[in-house]
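As the structure lists them, so they are numbered: ligands from 1, and atoms in each ligand from 1.
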Amino acid sequence: MKKILLTGSDGQLGRAMNIELAGTEYEIFNTDIFERDDIHALDITDLPKVMELMKELKPYAVVNCAAYTAVDAQEKDVDRSYMINAIGPRNLAIASRETGAKLLHISTDYVFKGDRNKPYNEFDKTGPVSTYGRTKLQGEKFVKAFADRYFIVRTAWLYGDGKNFVRTMLRLSESHDEVSVVCDQMGNPTSSKSLAKALHYLLPTDNYGLFHGTCEGECSWADFAEKIFELAGKETRVKHITTEEYKKMNPESTDRPAFSMLDNYMLRLTGDFRFDHWEDAIREYLWKKTL
Ligand SMILES: NC(=O)c1ccc[n+]([C@@H]2O[C@H](COP(=O)([O-])OP(=O)(O)OC[C@H]3O[C@@H](n4cnc5c(N)ncnc54)[C@H](OP(=O)(O)O)[C@@H]3O)[C@@H](O)[C@H]2O)c1
């Protein structure tokens with residue numbers, strides 16, 4: 001069995017990776033910030049602890065699903081954001097080089113500015129507009145600088161077993177006839193199940209580097225909400241509002257890229273993995289209750 005050190009195991013993607021790799025050639029050592037059931041405590045910001053565990057486990061690969069993902073909250077929590085999203089991956093990169101492990105790290109579409117209406121590929125210029133985007137971009141740079149063999153996979157609008165937009169919409173539909181959702185931010189809703197399949201595909205290969213990994217097709221948050229209600233059989237209406245209108249209602253919300261659609265160009269160029277279309281993935285998530 002090939003050992004995998006998984007971080008952020010209790011998050012959406014961490015849970016999906018456990019399902020995806022169950023019964024395969026991989027044996028997962030689950031970790032997260034707090035110890036829970038079969039999850040061991042590992043704070044990725046603690047370099048000596050990361051190094052100690054890596055030297056003891058000598059894993060085939062590290063899959064880093066740990067992150068600080070609350071986009072608005074981290075505007076007032078910048079140090080923590082850099083620690084978890086930049087220093088954490090740096091530590092895993094240093095330990096991976098030291099112990100000969102591959103490193104599979106996850107990043108985000110929010111590394112882009114989003115001021116154009118064409119999908120971004122891996123060779124396009126970054127320009128984050130939020131603390132989350134800036135710290136995740138720095139995480140990527142540290143991985144490139146300190147790891148020998150790495151995959152960085154940028155994903156977007158992720159939903160699975162955890163707190164996410166889909167669950168928020170379904171919760172709101174219980175008490176609201178109408179919800180206001182922004183219609184001028186475009187992206188690629190991606191199920192953690194689809195992403196986990198892509199990571200499983202990359203893991204045994206030597207096809208290292210930077211990849212975009214999102215479900216195919218794009219939509220606005222308002223389109224996404226409408227599809228969720230349609231598939232879940234909800235009568236709730238979606239009021240299309242602009243980001244400016246949303247910000248007036250939620251002054252604490254930080255800037256987000258308007259058009260952060262990603263093109264999975266590197267996966268197309270260098271491999272034969274194809275993501276599901278976002279409409280098929282959300283249908284499967286809601287109908288089959290897959291995570
Ligand atoms: N969610 C999205 O829409 C989205 C979009 C684009 C990219 N991504 C990226 O996709 C990856 C997976 O996201 P996700 O949605 O699965 O995230 P998630 O559900 O928020 O899970 C992240 C996990 O990491 C844990 N964690 C936080 N700080 C840690 C630390 N210092 N050491 C170890 N674990 C720590 C969290 O614990 P606590 O919950 O206790 O903090 C949580 O269990 C991340 O790299 C994220 O940046 C996500």
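Among protein residues, Gly8, Asp10, Gly11, Gln12, Leu13, Asp32, Ile33, Leu42, Asp43, Ile44, Thr45, Cys65, Ala66, Ala67, Thr69, Ile84, Ile106, Ser107, Thr108, Tyr132, Lys136, Thr155, Ala156, Trp157, Leu158 come within 4.0 Å of ligand 1, judged on heavy atoms.
The backbone N or O of Tyr68 lies less than 3.5 Å from a partner atom in the side chain of Asn85, making a donor-acceptor pair.
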When the side chains of residues 274-281 are checked against the rest of the protein, which donor-acceptor pairs come out under 3.5 Å, sequence neighbours left out?
unit_1	atom_1	unit_2	atom_2	d
Asp276	OD2	Ser194	OG	3.4
His277	ND1	Glu279	N	3.1
Asp280	OD1	Arg283	NH1	3.1

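The pair Asp72-Arg256 meets the salt-bridge criterion, with a side-chain N (NZ, NE, NH1 or NH2) lying under 4.0 Å from an Asp/Glu carboxylate O. With respect to Glu122 and Arg154, no salt bridge is recorded, no charged nitrogen being found less than 4.0 Å from a carboxylate O. For Glu52 and Lys49, the salt-bridge test fails: no basic side-chain N is under 4.0 Å from an acidic carboxylate O.
The shortest side-chain heavy-atom distance between Leu47 and Arg90 falls under the 4.5 Å cut-off.
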